[in-house]
Amino acid sequence: MTNATASTVLDRVLVLEMVRVTEAAAIAAASLVGRGDEKAADAAAVEAMREALNQLYMDGTVVIGEGERDEAPMLYIGEKVGSAIGKGPRIDIALDPLEGTTITAKAGPNALAVLAIADEGGLLNAPDVYMDKIAVGPGLPDGIIDLDRTPTENIIAVAAAKGVKPNEIIACVLDRPRHEALIAELRSLGCGVMLIGDGDVAGVIATTNPDTTIDIYMGSGGAPEGVLACAALRCVGGQFKGRLIFRNEDERARARKWGIADLDKQYDLTELAKGDCIFAATGVTDGSLLAGVKRRAGVMTTESVVMRASSGTVRWVKGEHRIG
């Protein structure tokens with residue numbers, strides 16, 4: 001399918017319709033912010049997002065979702081959604097109805113409802129395993145980052161390209177025990193390390209916004225979130241490298257089941273999200289990218305962003321939703 005044809009297909013699924021889907025999930029999850037129940041918050045977001053997707057005229061297939069069918073009751077990988085299954089435009093969908101379930105339960109920052117769509121075959125059907133990731137924002141020479149280099153080598157390369165010293169670079173890393181050695185290496189260079197508790201889609205996207213002061217994202221996180229982040233980077237620019245991490249043979253078998261032939265491959269941005277794609281996100285809690293859902297007398301307010309790769313357009317959408 002050519003880019004022109006792909007764009008025509010996605011034109012039939014209006015950009016603002018994607019925002020309505022993420023808004024619905026964010027509003028549903030927001031009612032459970034700070035309640036300490038991750039599962040309830042996630043379930044509310046999933047149900048709301050599925051209902052909203054099923055109102056759209058499309059033949060959608062979930063390629064990144066809540067897990068395999070026997071693990072997830074809805075929005076599972078392979079599930080068909082939309083009001084025109086078998087006759088509407090065929091769309092691949094990557095989604096995370098609540099990126100940051102722990103964040104939401106604890107009322108922390110940067111919880112999002114996230115969705116990406118592409119023409120059929122445009123998004124890697126990544127298994128629910130870990131992925132080693134590295135990402136930078138736009139404006140740097142191609143090939144500036146590489147997972148086959150050490151963290152030190154990547155920091156030195158990015159610093160040189162930006163015309164600064166390595167100790168002026170700020171890296172975003174998930175705060176996990178598995179990253180202790182990475183964090184120590186970065187700090188030995190004098191780098192600032194911004195640790196985040198969850199939400200690595202927002203962490204990757206933060207590299208594209210100078211206001212965050214984040215220069216690079218490094219470390220391992222969920223592979224599905226890597227695909228979602230790449231859909232956003234395709235729209236606003238930047239570079240990403242990802243390699244799947246397998247802890248056992250069962251995870252390798254699952255990857256083969258979803259069509260991953262080369263288990264050691266280092267993926268580039270355009271291999272994870274190719275062709276035309278649309279990325280949308282709505283804030284659940286306040287964060288570096290978006291404000292969270294707010295409730296006041298009779299009204300709930302939302303803040304969303306929606307991006308499109310073919311046009312490079314980024315739209316910021318503020319919504320007011322009457323309650324009752």
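Starting from 1, each residue takes its place in the sequence as its number.
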How far apart are the closest heavy atoms of Leu269 and Cys230, and which atoms are they?
CD1-O, 3.4 Å

Scan Arg178, Lys133, Arg176 and name whichever one has a side chain to side chain donor-acceptor pair (under 3.5 Å) with Ser220.
Arg178

Determine, for Asp215 against Lys162, whether the closest basic-nitrogen to carboxylate-oxygen distance falls under 4.0 angstrom.
yes

Evaluation steps, salt bridge (Lys or Arg N to Asp or Glu O under 4.0 Å), between Asp59 and Lys87
CA-CA 7 Å; Asp59 181 355; Lys87 58 183 179 180; over 6 Å; no

Met194-Ile205 co-clustered via ILVMFWY side chain contacts under 4.5 Å
no

With side chains defined as the heavy atoms from C-beta onward, is the minimum distance between Met218 and Leu186 less than 4.5 Å?
yes

Does Pro97 reach the side chain of Leu95, with side-chain heavy atoms less than 4.5 Å apart?
yes

Using modelled atom types and a 3.5 Å cut-off, is there a donor and acceptor pairing between side-chain atoms of Thr207 and backbone atoms of Ile216?
no

Do Ser83 and Gln55 come within less than 4.5 Å of each other through their side chains, counting heavy atoms only?
no

Please assess Phe246 against Leu263 for the test side chain to side chain contact (heavy atoms under 4.5 Å, CB included), listing each intermediate value before the final yes or no.
CA-CA 9 Å; Phe246 302 103; Leu263 301 186; 3.7 Å; yes

Going only through I, L, V, M, F, W and Y residues with side-chain contacts under 4.5 Å, is there a path from Ile85 to Ile91?
no

Check: Glu66 side chain, Pro73 main-chain N or O, donor-acceptor pair, under 3.5 Å:
no

Distance-minimising heavy-atom pair for Cys277 and Ala231
SG-O, 3.8 Å

Does atom CZ of Arg187 have more than 12 heavy-atom neighbours from other groups under 6.0 Å away?
yes

Main-chain N/O of Leu182 paired to Glu185 side chain as donor or acceptor, under 3.5 Å
no

Tell me whether Val306 is reachable from Val284 by hopping between hydrophobic residues (I, L, V, M, F, W, Y) whose side-chain heavy atoms are closer than 4.5 Å.
no

Got a donor-acceptor contact below 3.5 angstrom from the Asn125 side chain to the Trp258 backbone?
no

Could you walk me through whether Leu53 and Arg50 pass the side chain to side chain contact (heavy atoms under 4.5 Å, CB included) test, one step at a time?
CA-CA 5 Å; Leu53 284 169; Arg50 184 174 186 259; 5.7 Å; no

Short side-chain to backbone donor-acceptor contact, Glu168 and Lys165, under 3.5 Å
yes

Do Ile214 and Leu174 sit in the same hydrophobic cluster, where Ile, Leu, Val, Met, Phe, Trp and Tyr count as joined when their side-chain heavy atoms come under 4.5 Å apart?
no

Heavy-atom check, side chain of Asp132 versus side chain of Lys241, under 4.5 Å:
no

Would you call Glu303 and Lys294 a salt bridge, using N to O less than 4.0 angstrom?
no

Pick one: which of Asp96, Thr302, Thr282 meets side chain to side chain donor-acceptor pair (under 3.5 Å) with Thr22?
Thr282

Grab the two heavy atoms, one from Tyr57 and one from Gly88, that are nearest each other, plus how far apart they are.
CE2-CA, 3.9 Å

Between Met307 and Val305, does a side chain to side chain contact (heavy atoms under 4.5 Å, CB included) hold up when you go through it step by step?
CA-CA 7 Å; Met307 317 170 184; Val305 62; 3.9 Å; yes

Value rounded to 0.5 Å, distance of CD in Glu99 from OG1 in Thr101:
9.5 Å

Which pair of heavy atoms, one from Ala116 and one from Leu123, lies closest together, and at what distance?
O-CD1, 4.0 Å

Is Ile77 close to Ile64 at the side-chain level, that is, under 4.5 Å between some pair of heavy atoms?
no

Could you go through the salt bridge (Lys or Arg N to Asp or Glu O under 4.0 Å) check for Arg243 and Asp264 one step at a time?
CA-CA 7 Å; Arg243 179 182 286 131; Asp264 299 315; over 6 Å; no

Just wondering, do Ile145 and Val158 contact through their side chains at under 4.5 Å, heavy atoms?
yes

Using side-chain heavy atoms (C-beta onward) and a distance below 4.5 Å, is Leu244 in contact with Glu251?
no

Locate the shortest heavy-atom distance separating Ile196 from Asp200; write the atom from each residue and the value.
CD1-CA, 4.2 Å

Polar side-chain atom of Asp37 near backbone of Ala40 as donor-acceptor pair, under 3.5 Å:
yes

Please test Arg296 against Glu320 for salt bridge (Lys or Arg N to Asp or Glu O under 4.0 Å), starting from the C-alpha separation and ending with a verdict.
CA-CA 10 Å; Arg296 62 176 189 265; Glu320 290 193 356; 3.1 Å; yes

Is the shortest heavy-atom distance from the side chain of Asn110 to the side chain of Ser288 under 4.5 Å?
yes

Do we see a donor-acceptor contact under 3.5 Å between the side chains of Thr102 and Glu38?
yes

With clusters defined by side-chain heavy atoms of hydrophobic residues (ILVMFWY) lying less than 4.5 Å apart, directly or transitively, does Ile144 cluster with Ile155?
yes

May I ask you to decide whether Arg20 forms a salt bridge with Glu17, counting only side-chain N to carboxylate O separations under 4.0 Å?
yes

Side-chain donor/acceptor of Arg234 to backbone N/O of Ala273, under 3.5 Å
yes

Measure across Leu75 and Val62 and return the closest heavy-atom pair with its distance rounded to 0.1 Å.
O-CG1, 3.8 Å

